[in-house]
Amino acid sequence: MVSVQGFAQNFEEKVDSLMNLMTLQEKIGQTVMYGGSYDQTGPIVGADNGKFIREGNMGAMLNAMSVKGTRDLQKVALEETRLGIPLLFGYDVIHGHRTIFPINLGLAASWDLKMVEESSRIAAEEASAEGIHWTFAPMVDISREPRWGRISEGAGEDVYLGSQIAKAYVKGFQGNDLSQPNTILACAKHYVAYGAAQAGRDYHTTNMSEGELRNVYLPPFKATVDAGVETFMSAFNELNGVPTSGNKFTLRDILRKEWKFEGFVVSDYTSINEMILHGFAKDSIDATRIGMNAGVDMDMMGEVYRKHLKTLVEEGRVSEQYINEACKRILLAKYKLGLFDDPYSYIDEQRENTTKYKPEFLAKAREIAAASSVLLQNKNHALPLFNELKSIAFIGPLVKDESEIIGNWAAKGDREGKAVSVFEGVSEYLKPNQILYAKGCEILKDDESGFNEAVSVSKKADEIVLVMGEGHHMSGEAASRSNLKIPGIQPKLIKKIREANPNKKIILVLMNGRPINLSDEVNLVDAILEVWFPGTMGGAATADLLFGKVNPSGKLTVTFPRNVGQVPIYYNMKNTGRPIPENNSNEDYKSNYIDVPNSPLFVFGHGLSYTNFEYSALKLSTNQLTFSDSITASVDITNTGNMDGHEIAQLYLHDKVGSVTRPIKELKGFQKIFLKKGESKTLTFTISVEDLKFYNNEMKYAVEPGEFEIAITPSSNFKFKHGFQLK
Ligand code: BGC
């Protein structure tokens, strides 16, 4: 083995010196990622894994973790290969590793960048303690498509908020110093436009103008580059006829040339090979050529780089320069992580044993889960509940659940014996004789035999809490739905319970990974608390909200439609030439439906509190803005209710006339504040000309003079009353 120690200090020089010693096939080896095979405690050095590592044909592994497992594998890489280059271990640490936080769509609803960062910091602590160097997160795909299961993994439909959240994740995972063994590489995925899959079907085609791509889908990715993200993942989908894992325009022209991204790009799982089925590559050799030439540096699980790159270079169909660049980027990441100084730095038994589920992590998870929940409806102050009641009936398939509650992509979160169910959570507030319970039905099965018991239990109680929703497998990858209702016979049970209890308070606690069509339920229940899949401490946090220990403050980052026919529906649409007149939705020949209003059931930015916030006195520092200036907008917010609480104030702009039409409103700022009851605060926002820019039809990022409208409001449901001019 040739020692790689003692090279020049500078990373680049170190990598160059190392690369001088490498054969072409060894360089290609760094661009290859395989998956770990498992025994009970972790990955094993299986026949193929071991062989490929020994041959120098593997640079990284996914799904390989645990101190023992990664040590065994790393040892082979270090001691049994010619150059002893350490392996990189990657894993999908998406919303927590052991301590599971709310699914990402839920976490986004907190609008709390600090919490996003804290959650990914904790995830990095736990993951790195199990040998993991790299997470395939954050997913920063904008999506306006509730049918698409992966909407659960992102931050929702908005560009501005999505970009801020994207940065916060990167900061949390990567920390300030990647060489510390508690930091992991982040990966911005899935590049790009994966969230716009036609008809919401996963992996499906996306078609969009370059303007839409640049104005809506690219900015969160750019934000991660600005935040220093180390890796990118190319996606499964094609974009305007070119698969994104073979797309020179997005990978080389935009990511490398325009944005100057210096990290490495990994393909999605066999997405290079899939270019054959897309009808873009003749065979796997062709797919290899296209993938590397387009700028995908590492092949995840496809085996094609290992098999074909060398021949392609020898035949002059792939430039050796591309292999050198890819290898260099991957090695640089390993240097930055400190793996050349100490390849075992992430492999520490004591850390592994003491880092998971720490009490402070669980406390954070509880706080964050509460902040991520959204109170969608609360008729006649149905919530909070009071524990003086004689009894409350808890009904539904998710009351006692401790597996679905942690959601999809829950990394190494335990699905048994760890998560706090809603039942357990409310037991902190109620005595056993106050809690009545019936499961009623399963999430998806048709069996109604539990209905009678559920109805009879509901009749005995003073109030009723239904805990229902989707199963965790109903969102996430390959989980598209064509029907957005609460699944199975749960809606039928809700009806039966309402019929049996016409005057009783009924609260619906909902767990789900996407916007749900609640058009029937809003009329059947008094309150709806959307808790998403809230994670390990989800049941405790839900109880904190139900009993008013915590005041709900989350707000939707995605629109909830009235029915699936309204989809795609999002707050920042265009006006059309025939918008519905403000007070007449029935006029003919307008852009509307004949069977449903245009408005959604719950708008982007919506979320109630147990208190009330009043907005008044919007002031602008000027109503004439010049190109070199900025404008200050302020508003007074008063907590006029009876409880302390957090409020998320949202700033929207509207560019009234553009060389390309502009959305009817666009979020350009927000602030989350805490107000004691009776307290008032003045919030101030500064808008610069930069905030008014967009990509025009020449693909120039520019601002155009003219009239703008502005509002600072509690949700996206408002009409503009103020404006300014840019001259
Ligand atoms: C998903 C990625 C994920 C990868 C590795 C793919 O199927 O699309 O998001 O990171 O698998 O698990």
Side-chain angles (χ1 to χ4, degrees), residues 33 35-36 38 42-43 60-67 69-70 87-108 115-141 150 152-155 165-175 178 180-190 224 227 229-233 263 266 268-269 300 333 337 346-347 351-352 355-358 361-362 364-365 368-369 406-415 418-419 472 476-477 513 533 535-536:
M33 169 184 266
Y38 271 77
M61 280 186 94
L62 84 152
N63 298 342
M65 79 201 78
S66 83
V67 159
T70 53
L87 289 167
L88 191 62
F89 296 111
Y91 189 55
D92 290 279
V93 179
I94 307 296
H95 52 104
H97 180 65
R98 291 280 178 174
T99 304
I100 301 300
F101 296 93
I103 55 160
N104 310 80
L105 186 61
L107 184 51
M115 284 186 180
V116 172
E117 189 178 333
E118 284 168 340
S119 72
S120 50
R121 183 84 297 280
I122 290 171
E125 288 276 353
E126 289 185 336
S128 62
E130 295 192 39
I132 294 162
H133 306 131
W134 176 26
T135 176
F136 308 123
M139 183 187 105
V140 302
D141 295 303
R150 304 199 81 170
S152 62
E153 292 173 58
I165 289 180
K167 285 190 208 169
Y169 275 117
V170 172
K171 277 205 233 156
F173 287 130
Q174 295 193 169
L178 270 177
Q180 294 302 311
N182 64 351
T183 54
I184 58 181
L185 306 173
C187 179
K189 74 183 186 187
H190 308 83
T224 65
V229 74
E230 290 289 339
T231 75
F232 256 60
M233 185 185 291
V266 63
D268 204 344
Y269 202 105
M300 181 193 284
L337 284 169
Y346 285 64
I347 301 179
R351 256 192 88 208
E352 182 177 53
T355 307
K356 52 188 151 202
Y357 296 121
K358 282 189 183 173
F361 296 171
L362 295 173
K364 232 338 130 196
I368 292 179
I406 63 171
N408 210 340
W409 287 112
K412 294 296 279 179
D414 292 273
R415 291 209 182 264
K418 264 294 168 211
H472 76 274
E477 189 174 352
F533 292 110
T536 311

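Note that this is a predicted model, so its numbers are computed, not measured.
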Item to complete: For S128 and R351, run side-chain contact (heavy atoms from CB on, under 4.5 Å): C-alpha distance rounded to whole Å, both residues' side-chain angles, the deciding distance at 0.1 Å, then the answer.
Response: CA-CA 9 Å; S128 62; R351 256 192 88 208; 2.7 Å; yes
Discussion item. For residues 127-141, which residue pairs pass the salt bridge (Lys or Arg N to Asp or Glu O under 4.0 Å) check, not counting sequence neighbours?
Written reply: R98-E130
If we only count heavy atoms from C-beta on, is the [X] to [Y] side-chain gap below 4.5 Å?
| X | Y | result |
| --- | --- | --- |
| I100 | F533 | no |
| W134 | T231 | yes |
| N408 | I103 | no |
| C187 | V266 | yes |
| L62 | Y91 | no |
| I406 | H472 | no |

Set of residues satisfying side-chain contact (heavy atoms from CB on, under 4.5 Å) with respect to [X], sequence neighbours excluded:
| X | answer |
| --- | --- |
| K418 | Y357, D414 |
| A123 | V93, F173 |
| S119 | F101, L107, I368 |

Check [X] against [Y] and note the closest heavy-atom contact, atom names and distance.
| X | Y | answer |
| --- | --- | --- |
| A168 | V116 | CB-CG1, 3.8 Å |
| R415 | A410 | NH2-CB, 3.6 Å |
| T224 | A166 | CG2-CB, 3.7 Å |
| S120 | G172 | OG-CA, 3.3 Å |
| A155 | L105 | C-CD1, 4.1 Å |

Worksheet item: Would you say T355's side chain and E352's backbone share a donor-acceptor pair under 3.5 angstrom?
Response: no
Worksheet item: Distance-only, no hydrogens or angles: does the T135 side chain make a donor-acceptor pair with backbone N or O of A186 under 3.5 Å?
Response: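 It does not hold such a pair.
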Worksheet item: Sequence neighbours excluded, which residues qualify as ring pair (Phe, Tyr, Trp, His ring centres under 6.0 Å) partners of W409?
Response: none
Under the side chain to side chain donor-acceptor pair (under 3.5 Å) rule, collect the residues that match up with [X], sequence neighbours excluded.
| X | value |
| --- | --- |
| Q174 | none |
| K167 | none |
| T183 | none |

Using 0.5 Å steps for rounding, measure from the [atom1] atom of [X] to the [atom2] atom of [Y].
| X | Y | atom1 | atom2 | result |
| --- | --- | --- | --- | --- |
| I132 | K412 | CD1 | NZ | 8.5 Å |
| L337 | L185 | CG | CG | 4.0 Å |
| M33 | L87 | CE | CG | 10.0 Å |
| I184 | L178 | CD1 | CG | 10.0 Å |
| F136 | D268 | CZ | CG | 9.0 Å |
| E153 | I94 | CD | CD1 | 6.0 Å |

Taking only residues two or more places apart in sequence or in another chain, which ones pass salt bridge (Lys or Arg N to Asp or Glu O under 4.0 Å) with [X]?
| X | value |
| --- | --- |
| K356 | none |
| E477 | R150 |
| E230 | K336 |
| R121 | E125 |

